[in-house]
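Sequence lines set the chain letters: A, B, ... in the order given, protein chains first and strands last, and positions in each chain run from 1. Note that the structure is a prediction, hence the values are computed from the model and not measured.
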Protein chains: 2
Amino acid sequence: MPARLAWGLTPGDGCTGLNKEADHQKRRQRRTTSYDVARVAGVSQSAVSRVFKAGASASAEMRQRVQAAAKKVGYRPNAIARGLITQRSNMVAVVISRMTNLYYPELLMQLTREFSHHGIRVLLFTLEHESEIDSVLEQMLQYQVDGIVTAAMLNREQLALIDEAGIPVALYNRRSRDGLASAVRCDQEEGERWLVTQLVEAGHRRFAIISGPEDSTVSVERTSSAVQKLAELGIQDVTVVGGDYSYQSGRLGFAAIAKQLGGPPDAVIAANDVMAIGCIDAARQECNLPVPDALSVVGFDGVGPASYAAYNLTTVKQPVERMTQATVAMLLERIRDPQLPPEERIFAGTKVAGGSARLLT
Amino acid sequence: MPARLAWGLTPGDGCTGLNKEADHQKRRQRRTTSYDVARVAGVSQSAVSRVFKAGASASAEMRQRVQAAAKKVGYRPNAIARGLITQRSNMVAVVISRMTNLYYPELLMQLTREFSHHGIRVLLFTLEHESEIDSVLEQMLQYQVDGIVTAAMLNREQLALIDEAGIPVALYNRRSRDGLASAVRCDQEEGERWLVTQLVEAGHRRFAIISGPEDSTVSVERTSSAVQKLAELGIQDVTVVGGDYSYQSGRLGFAAIAKQLGGPPDAVIAANDVMAIGCIDAARQECNLPVPDALSVVGFDGVGPASYAAYNLTTVKQPVERMTQATVAMLLERIRDPQLPPEERIFAGTKVAGGSARLLT
DNA sequence: GGCGAGCTGGCATTCGCATTCAACCGCGGT
DNA sequence: ACCGCGGTTGAATGCGAATGCCAGCTCGCC
């Protein structure tokens, strides 16, 4: 018989007071538990549990008594203990990397918001280097998260590890591998093709590209589909310089392009908006080149600063809100029914014909 | 005697295989526990626990055997169960509101990074409306977080509630109330006084202010200290219009000011950088006013876009990195020793004499 | 050879809640 | 009067790891 229960059944006497006093000193603070509520309400602990569990059977009178007692003693169910017994933590892990990219904060906020509407909390993990993934993964699994949303690359072994643990994964803007995970992504190929087509039709011929980090699949997709579409339209010699998604790398990217070409190109395609902005600033400030009159620049993402009047970027905006909603919905479905097969959803980007490129229309 | 232990001591036979099979079907998946490791290693569960607990006494041989067994069965300590018994979740809650402000994402990333270096995970809570605080607070407490960092306002009752639960709190850019919480903040008064002084000394006389939301203490501090310093320097009639920290509200703010004054002022003091940027864009685009030649604009925060060449804001940059480090350090100290009194640390901002204002130097 | 100190490892218990199982209470049907 | 059924309630058990306590063992020193 649990000691606590015995104590609960013992009528309060002087000794109890002393014990309480000692407890206070030893531990930081005895938390009030469902047993405390039960004692005050004069019912069993199971009854308390039932009242606090939605959809459990309990009479109206029982509910009232328990709730009154709970309020009186300041009871709050312990989510940790609940998680241990129900095998469900009601937490999902969100993995984000590359915070230089303005796009991620928005994503994160939306995800948190959306999950919270479903009673689920977000445990946040950020990556400084790709190499950290393994240790972060380990952490997530130890915390028994119910699901994982990742905007970072996971390799086959990592996905397999998670799958083995029976935790559903949703990849954000990453292609699903081996059908081990669900995925939500923006159709970047189509977006880039649109940008390229518009630029070529408007008469641009000398193209340059500022790519993102080499290990970013997003960048690789964007860059290669731009190169490919250019080739289709008869443009072969495209200068490609590397960036890291940051403003500064956009500036340096433009300088590198100008140097490599011995002068400015007709158009620069940046792998994201922030680099496009850097590129525009460098062109204007350092080479005194008006944008878009002498140089067209396009980006990708549609982040906040893209629409600042000074830039007014021509870009493709990702439908972040719809994408996060889809991510959350898909993950929740698979948490409820782990048998459900993974799914991939692809959203078209919104074409934004801003003022940073000379287009026909 | 626990059934599991009995099973553990029973030598494996045909029946075991069947049971495992059945288990697989019934529950989603029997997680491998320390008992499993113990069985494989031929030691007790407590031994396994000790090996996985840093600083516990265990012989070298024991460590090896246990670790080998653990790797073999793919064991991973369950952080939830550990949290239940140790009364420590190794999670802190971070509360963020107002995501229109570019400043918060940076803060959040830094905090997560810093906490992770100390083996602590961040449970993220975002606020859409102030009214949500109470329910969010309840969530945090249920999840037994070890500490709370909040960049949102908490009132006296809310702070008292947390204090009662024995959870240390660190306020970010908020003044500590009643000594119930630690606080880290940037000396915004001093920052604003510097901005104002510089502007006045450079000859500006007609001033306007774009404030943040009324319920933002940060905005109130910034705005009122600017007004006060202006008064000290003999400038009384200051136009103040309200904004919400967003780019758009900066644009609208400038329009409102121009309308109210019947023309542009000499200088605009915005309560944050993003509104300053909006203000500059509106002035340039809609009124064809060159900045800083015809109009000086200053901001606050020192967020990324503030240093974009098109704006090159004159502003005060918050030392985010030092502030987050201080926040984390203070919170961890108080988690380790709850008796420690709260503390308030104030950091001076970095004065950035950019190019969006005409200053003497 | 004997004895005490210092480790080690095992047993049993505990954290707080959910859930199973059995008991129980009415109540309507036969 | 008896049976059975739906609806409640309480006692007991278990989730998975940490830990106090004790027994056993090793080692050293007299």
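A/Gln87 has its CD atom 10 Å from the C1' atom of D/dG14, to the nearest Å. Straight-line distance from the CG atom of B/Leu84 to the P atom of D/dC15: 14 Å, rounded to whole Å. Regarding A/Glu61, its CD atom lies at a distance of 16 Å from the P atom of C/dC25, rounded to whole Å. The distance between atom CZ of B/Arg88 and atom C1' of D/dA17, rounded to the nearest whole Å, is 16 Å. Between the CD1 atom of B/Ile85 and the P atom of C/dA12 there is a distance of 17 Å, given to the nearest Å. Atom OH in B/Tyr35 sits about 9 Å away from atom P in D/dC15, given to the nearest Å. In this structure, CD of A/Gln142 is placed 20 Å from P of D/dC15, rounded to the nearest angstrom.
A donor-acceptor contact under 3.5 Å links the side chain of B/Arg50 to the base of D/dG20. You'll find a donor-acceptor pair under 3.5 Å spanning the side chain of B/Gln45 and the base of D/dA18, going by distance alone.
Dashed line: the shortest gap from a side-chain N or O of A/Ser34 to OP1 or OP2 of C/dC17 is under 4.0 Å. Not one side-chain nitrogen or oxygen of B/Thr33 sits closer than 4.0 Å to the OP1 or OP2 atom of D/dG16. An OP1 or OP2 oxygen of C/dG9 is reached within less than 4.0 angstrom by no side-chain nitrogen or oxygen of B/Ser44.
Contacts of A/Ser46 with the nucleic acid, taken as non-hydrogen atoms under 4.0 Å apart, include base atoms. Heavy atoms of A/Ser59 sit under 4.0 angstrom from primed sugar atoms or phosphate atoms, though from no base atom. Nucleic acid contact for A/Val43: sugar-phosphate only, since backbone atoms but no base atoms lie under 4.0 Å from a heavy atom of the residue.
Contacts with DNA chain C (heavy atom under 4.0 Å) in residues 64-81 of chain A: A/Tyr75, A/Arg76, A/Pro77, A/Asn78, A/Ala81, listed by number.
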